[in-house]
Amino acid sequence: MKAWEPWSPSRAQSALLGRIEQLLGRASMDENLAGLATAFARLPEKTRLRCRRQPRGDSRTDTYVRVEADDGSQWLEGVIVDGQCDENGEFDLDDFFTVFTTIDKADGELIRCNGANCHVAIL
């Protein structure tokens with residue numbers, strides 16, 4: 001279709017429903033990130049200061065990931081709070097990085113991961 005042509009009702013409906021689904025997914029992720037940011041803020045100050053990037057509870061600034069061992073035996077979801085960054089400021093997921101998670105402990109914990117030995121998916 002050309003940019004100036006009207007959409008068919010089915011195409012407009014599909015585009016609208018796709019966008020709504022995307023926004024609901026982002027809202028759910030931001031809710032998870034807000035919980036992580038709150039838990040992170042309760043860590044001792046000395047622990048928080050060791051982390052290069054403190055979670056803010058916002059999917060536009062936080063890097064929310066799922067990390068899984070290559071053999072699938074262990075996994076976690078959380079926000080990356082420290083690690084090597086590339087020239088664009090993005091975390092190098094093939095190197096060592098630290099994830100803050102509340103999967104096993106409600107108060108949260110810092111887990112150091114080696115990206116070369118696991119599968120990392122940005123959520």
Side-chain angles (χ1 to χ4, degrees):
M1 292 181 68
K2 296 179 181 169
W4 51 267
E5 287 183 288
W7 287 0
S8 69
S10 62
R11 181 170 182 189
Q13 178 184 17
S14 177
L16 175 64
L17 292 176
R19 181 64 175 144
I20 289 171
E21 186 176 307
Q22 182 184 35
L23 291 171
L24 288 173
R26 185 173 186 153
S28 175
M29 181 185 304
D30 281 344
E31 186 177 319
N32 291 342
L33 286 168
L36 286 166
T38 299
F40 187 87
R42 289 191 299 259
L43 291 175
E45 182 178 8
K46 185 176 180 181
T47 303
R48 291 192 320 265
L49 292 175
R50 289 188 319 191
C51 300
R52 182 179 302 170
R53 201 177 293 171
Q54 298 186 10
R56 296 183 176 159
D58 187 340
S59 59
R60 293 172 293 179
T61 57
D62 295 337
T63 304
Y64 190 53
V65 294
R66 178 182 174 95
V67 181
E68 186 174 333
D70 278 339
D71 64 2
S73 63
Q74 297 177 324
W75 66 273
L76 64 90
E77 285 184 8
V79 62
I80 299 179
V81 293
D82 201 10
Q84 295 297 318
C85 293
D86 64 17
E87 61 276 356
N88 298 321
E90 300 294 324
F91 286 108
D92 181 356
L93 302 178
D94 292 326
D95 202 345
F96 286 95
F97 56 90
T98 303
V99 175
F100 177 72
T101 183
T102 55
I103 293 289
D104 291 330
K105 294 183 179 181
D107 292 339
E109 62 184 327
L110 297 170
I111 306 291
R112 187 153 166 90
C113 302
N114 181 351
N117 292 331
C118 59
H119 175 70
V120 183
I122 297 177
L123 302 176

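Keep in mind the model is a prediction, meaning the values are calculated, not measured.
With L33 as the partner, the side chain to side chain contact (heavy atoms under 4.5 Å, CB included) test is satisfied by one option alone out of T61, D62, D58, T38: D62.
For A37 against G57, the heavy-atom pair with the smallest separation is CB-N, 3.6 Å. Here the closest non-hydrogen pair linking R52 and G83 is NH1-O, 2.6 Å. Between W7 and A15, the shortest heavy-atom contact is CZ3-CB, 3.4 Å. The nearest pair of heavy atoms linking G89 to R53 is O-NH2, 2.8 Å.
Proximity of a side-chain donor or acceptor of D92 to a complementary backbone N or O of D86 within less than 3.5 Å is not detected.
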What donor-acceptor contacts under 3.5 angstrom involve side-chain atoms of residues 40-50, with partners at least two apart or in another chain?
from, atom 1, to, atom 2, distance (Å)
R48, NH1, A41, O, 3.1
R48, NH1, L43, O, 2.4

Check the pair I122 / L93 against side-chain contact (heavy atoms from CB on, under 4.5 Å), numbers first and verdict last. CA-CA 10 Å; I122 297 177; L93 302 178; 3.8 Å; yes
Test log, rule side-chain contact (heavy atoms from CB on, under 4.5 Å), inputs E109 and T101: CA-CA 6 Å; E109 62 184 327; T101 183; 4.0 Å; yes
Begin from the C-alpha positions of C113 and V120 and carry the test side-chain contact (heavy atoms from CB on, under 4.5 Å) through to its verdict. CA-CA 10 Å; C113 302; V120 183; over 6 Å; no
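The CZ atom of F100 sits 14.0 Å away from the CD1 atom of I80 when rounded to the nearest 0.5 Å. The CD1 atom of I103 lies 10.5 Å from the CD1 atom of I111; values are rounded to the nearest 0.5 Å. Rounding to the nearest 0.5 Å places CG of L36 at 11.5 Å from CD of E31. The CG atom of N114 sits 6.5 Å away from the SG atom of C118 when rounded to the nearest 0.5 Å. How far CZ of F96 is from CD of Q84: 10.5 Å, rounded to the nearest 0.5 Å. Taken to the nearest 0.5 Å, the CZ atom of R56 stands 13.5 Å off from the CG atom of D30.
Surrounding CZ of R60 are at most 12 heavy atoms belonging to other residues, nucleotides or ligands under 6.0 Å away. Residue-environment remark: CD (Q22) exceeds the threshold of 12 foreign heavy atoms within 6.0 Å.
When the side chain to side chain donor-acceptor pair (under 3.5 Å) test is applied to T98, no partner is found at least two apart in sequence or on another chain.
Cluster membership for V99 and F91, using ILVMFWY side-chain heavy atoms within less than 4.5 angstrom, is shared. Transitive grouping of hydrophobic side chains (ILVMFWY, heavy atoms separated by less than 4.5 Å) keeps V81 and V67 in distinct clusters. When the side chains of ILVMFWY residues are joined at heavy-atom separations under 4.5 Å, either directly or via intervening members, V65 and V79 end up in two distinct hydrophobic clusters.
Residue L23 is found outside any hydrophobic cluster, as its side-chain heavy atoms come under 4.5 Å of no other Ile, Leu, Val, Met, Phe, Trp or Tyr.
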